[in-house]
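Step one of this worksheet: look at the structure below.
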Amino acid sequence: MRRRHLAAAIALAAAAAMALTACSGSTDNGTSASGGKGGTLTILTQATQINLDPAKSQNLAITTMGLIERRLTTWDIQKGKPAEVVPDLATTIGTASDGGKTWTYTLKDGLKFADGTPITAQDIKYGIERSFAPELSGGLGYHKSLLVGGADYKGPYTGGELASIQTPDAKTIVFHLNAPYGDWPWIASMPAFAPVPKAKDNPQTYGENPVATGPYKVASNKQGTELDLVRNTHWDAKTDPVRTAGPDKIVFKESQDVSTSTQTLISDAGSAKTSFLATYLGAAELNLVNKNPDAKKRLATSDAGPLTYLALNTQRPALKDLKVRQAIEYAVDTKAFIIAQGGPQAAIRATTLITPGIPGREEYDLYPSGADGDVAKAKQLLAEAGHSSDLKLVLWAQNDPSNQAQAQALQQGIERAGIQVTIKPLDVNTLFNDATTGANPDYDLVLSSWQPDFPSANGNIQPLFASSQIGGGGYNLSRYSNPDVDKLIAQASATVDPAAAQKLWAQTDKRIMQDAAVVPLTYAKQSFLAGSDVKNFFIASFPAYPNYLTVTLGQ
């Protein structure tokens, strides 16, 4: 959901893809020598606020926060190539010892904050420690359960230091984990691993104007309206393998209506030429773009990958029965749902939790219901569960037209089996706040989407299905708790050998689907629109979002 990410705004880090092959309708908008240095890039976003505190951020490494803050590692995202984790502030992606329980990093020479002071290992340690503070919750928190002592640590404001992060000198940082963890180099690329100078930290205000380490720093931040970034003169391109820092200035226009922004970009007049829309297009917007040959050339579309799914709240009385959940698996009309998403250009049918392109993914379908469902099978399962037409369920979905159309497609499909479905529209922030933090929220079903936070099946499975992710801001929207699955997740996470880990994740995927905790609906194809002067605008193999770090401007 993220987005992630989340459906489009909350990131749900949530929401979207893994490995896909880049696809852009225009060679001009692909990697091109025509892009260069200079100009003002405008990014249009429907987000009503952008929190720049690394501890609270769920940003992907290649989007907003990646322009401002560097981490120990980062992502090398190139058109037509798989994602790669590469050193950022560190000299390597990490040196493992003790069977994968200890990871050591050395910082590069000459690194500086935007105010000219040196970046030290102690700044990175402090930045990570503050992410444990309750007042800074909400960010990507994989490291919190992995680090020794992390479960009980409450951050530096009241809890002192975390002993499992050691800094023997200004350039060395060592992490001690509870168990071997092969994906740690990806964890070290997340926002919380950005350095924060302790002397300049105020947890209430730091997210308005953090001390930059990337190529840009905040010039102005008017929440809900506009965020302006300008060059950080203390950023050294020679130490940075992935950021090209093309534009002189980057302006985020917030609270933008997607339909209006799409029409503005289609016109390609004035500042629209140097703008792109950070929200992927819904069915109505895609239809508008497809009617305009020039705009269609400027569309960048991912391959199928991001998972859109229907979470079944397994703690609700009616949904505690496996047969009822299985009935919903069969009742859903995926064909109608895909049409509501925008048709084959926007999505294909999903049957697994691990998304296409993720290493080790296995294709299977435990509920073969065809394109538009198997109503007879659904009714049979409901009858076996003791239900005929008495079942009433509440479906939460975002209140924008696109998500409401998708919710209605789900409603009509499920109601064919004799289940009454009431849709409750909610704005994106309310929906995910209420669904992830409440002790016992009153939804039965939630329409959501998810983009893994890094290209491993770990990112598909653990955040959505580990029992530790129920409530407290976690994204286990199914409220699913199975000790056997928790053990499999722990075993797979601790397996350093990639091939062995992949087999365990595939086993976990199928075990969860045996419990029908969610209905996998589609692997989405996300399309983004840019103006004609926006260059190097593409969607690579991972993730299904534009790489902000390499976008340039040119004619």
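Every value quoted in this text rests on a predicted model; they were computed, and no experiment measured them.
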TODO: Go through the steps for Thr355 and Arg361 under the test side-chain contact (heavy atoms from CB on, under 4.5 Å), then give the verdict.
DONE: CA-CA 7 Å; Thr355 49; Arg361 175 180 181 268; 5.6 Å; no
- [ ] Examine distances only and state if a side-chain atom of Asp228 and a backbone atom of Ser220 form a donor-acceptor pair shorter than 3.5 Å.
- [x] no
Task: Parallel, tilted or perpendicular, as decided by the 30° and 60° cut-offs, for the rings of Tyr480 and Phe465 - done: perpendicular
Open item on the list: Donor-acceptor check, side chain of Thr120 to backbone of Asp123, threshold 3.5 angstrom: yes or no?
Closed with: yes
- [ ] Check the pair Ile461 / Val485 against side-chain contact (heavy atoms from CB on, under 4.5 Å), numbers first and verdict last.
- [x] CA-CA 10 Å; Ile461 301 296; Val485 168; 5.6 Å; no
Open item on the list: Quick check on side chain to side chain contact (heavy atoms under 4.5 Å, CB included): which of Ile77, Asp76, Asp240, Leu67 does Leu549 satisfy it with?
Closed with: Leu67
Task: Side-chain ion pair, Asp53 and Arg130, N-O less than 4.0 Å - done: yes
Open item on the list: Can a donor-acceptor pair be found, under 3.5 Å and without considering hydrogens, that links the side chain of Gln256 to the backbone of Ser261?
Closed with: no
Open item on the list: Can you list everything that forms a ring pair (Phe, Tyr, Trp, His ring centres under 6.0 Å) with Tyr153? Sequence neighbours excluded, please.
Closed with: Phe132
- [ ] Let me see the working for Asp201 and Tyr126 under side-chain contact (heavy atoms from CB on, under 4.5 Å), right down to the final yes or no.
- [x] CA-CA 10 Å; Asp201 179 28; Tyr126 180 74; 2.6 Å; yes
Task: Exam field: side chain Glu161 to backbone Pro156, donor-acceptor pair closer than 3.5 Å - done: no
Task: Flag for Ser402-Gln406: side-chain donor and acceptor within less than 3.5 Å - done: yes
Task: Side-chain (Lys125) to main-chain (Ile165) donor-acceptor, under 3.5 angstrom - done: yes
Task: Between Asn433 and Thr430, a side-chain donor and acceptor under 3.5 Å - done: no
TODO: Check side-chain contact (heavy atoms from CB on, under 4.5 Å) between Ser481 and all other residues, then give those that pass, not counting sequence neighbours.
DONE: Ser467, Ile470
Open item on the list: Applying side-chain contact (heavy atoms from CB on, under 4.5 Å), can you list everything that pairs with Thr244, at least two apart in sequence or on another chain?
Closed with: Thr550, Thr552
TODO: Give a yes or no answer on whether the side chain of Lys108 reaches the backbone of Thr239 with a donor-acceptor pair at less than 3.5 Å.
DONE: yes
Open item on the list: Thr48: which residues meet the side-chain contact (heavy atoms from CB on, under 4.5 Å) condition with it, sequence neighbours left out?
Closed with: Ser255, Asn429
Open item on the list: Within the 3.5 Å criterion, strictly below it, is a donor on Glu254 or Thr45 matched to an acceptor on the partner's side chain?
Closed with: no
Task: Exercise: identify the closest heavy-atom pair between Pro425 and Asn399 - done: CB-CB, 3.8 Å
Open item on the list: For a 4.5 angstrom cut-off between non-hydrogen side-chain atoms, does Thr213 reach Leu111?
Closed with: no
Open item on the list: Evaluate Leu464 against Asn460 for side-chain contact (heavy atoms from CB on, under 4.5 Å), listing each step before the verdict.
Closed with: CA-CA 7 Å; Leu464 301 186; Asn460 285 110; over 6 Å; no
Open item on the list: Does the plane of the ring in Phe276 sit parallel, tilted or perpendicular to the ring in Phe537? Use 30° and 60° as the thresholds.
Closed with: tilted
Open item on the list: Using the side chain to side chain contact (heavy atoms under 4.5 Å, CB included) definition, which of the options Ile423, Asn313, Leu310 pairs with Leu445?
Closed with: Leu310
Open item on the list: Keeping Asn59 on the side-chain end and Met65 on the backbone end, is there a donor-acceptor pair under 3.5 Å?
Closed with: yes
- [ ] Would you check if the side chain of Glu208 reaches a backbone N or O of Asn221 as a donor-acceptor pair within less than 3.5 Å?
- [x] no
TODO: Report yes if some heavy atom in the side chain of Val518 is under 4.5 Å from a heavy atom in the side chain of Leu312; otherwise report no.
DONE: no
Open item on the list: Keeping Thr314 on the side-chain end and Ser478 on the backbone end, is there a donor-acceptor pair under 3.5 Å?
Closed with: yes
Show me the donor-acceptor pairs, under 3.5 Å and distance only, between side chains in residues 136-149 and residues at least two apart or in other chains.
from: Ser137; atom 1: OG; to: Pro134; atom 2: O; distance (Å): 3.4
from: Tyr142; atom 1: OH; to: Asp453; atom 2: OD2; distance (Å): 2.7
from: His143; atom 1: NE2; to: Ser131; atom 2: OG; distance (Å): 2.8
from: Lys144; atom 1: NZ; to: Ser131; atom 2: O; distance (Å): 2.8
from: Ser145; atom 1: OG; to: Tyr142; atom 2: O; distance (Å): 3.4

Open item on the list: If you compare all heavy atoms of Leu319 against all heavy atoms of Arg325, which two are closest, and at what distance to 0.1 Å?
Closed with: O-NH1, 2.7 Å
Task: Qualifying side chain to side chain donor-acceptor pair (under 3.5 Å) pairs with a residue from residues 185-198, counting only residues at least two apart or across chains - done: Trp75-Ser189
- [ ] Return yes if a side-chain donor-acceptor contact under 3.5 Å exists between Ser493 and Gln462, otherwise no.
- [x] no
Task: Pair Tyr523-Thr352, side chain to side chain donor-acceptor pair (under 3.5 Å): steps then yes or no - done: CA-CA 9 Å; Tyr523 305 122; Thr352 71; 2.6 Å; yes
Open item on the list: Just to verify, what does Thr74 make a side-chain contact (heavy atoms from CB on, under 4.5 Å) with, not counting sequence neighbours?
Closed with: Ala61, Val86, Asp88, Val242, Arg243
Task: Set of residues satisfying ring pair (Phe, Tyr, Trp, His ring centres under 6.0 Å) with respect to Tyr443, sequence neighbours excluded - done: Trp396
Open item on the list: Suppose we screen for salt bridge (charged side-chain N to carboxylate O under 4.0 Å, His left out). Which residues come up paired with Glu135, at least two apart in sequence or across chains?
Closed with: none
TODO: Go through the structure and list residues passing salt bridge (charged side-chain N to carboxylate O under 4.0 Å, His left out) with Asp444, not counting sequence neighbours.
DONE: Arg316
Open item on the list: Could you tell me if the side chain of Leu227 sits less than 4.5 Å from the side chain of Leu52, heavy atoms only?
Closed with: yes
Open item on the list: Between Asn232 (side chain only) and Lys217 (backbone N and O only), is there a donor and an acceptor less than 3.5 Å apart?
Closed with: no
Task: Asp486: salt bridge (charged side-chain N to carboxylate O under 4.0 Å, His left out) partners, not counting sequence neighbours - done: none
Task: With Tyr216 via ring pair (Phe, Tyr, Trp, His ring centres under 6.0 Å) - residues at least two apart - done: none
TODO: Starting from the C-alpha separation in whole Å, work towards a yes-or-no answer on ring-ring contact (aromatic ring centres under 6.0 Å, His included) for Phe193 and Phe175.
DONE: CA-CA 12 Å; Phe193 286 73; Phe175 300 95; 5.8 Å; yes
Task: Nearest non-hydrogen partners of Phe528 and Ala544, listed with the distance - done: CE1-O, 3.3 Å
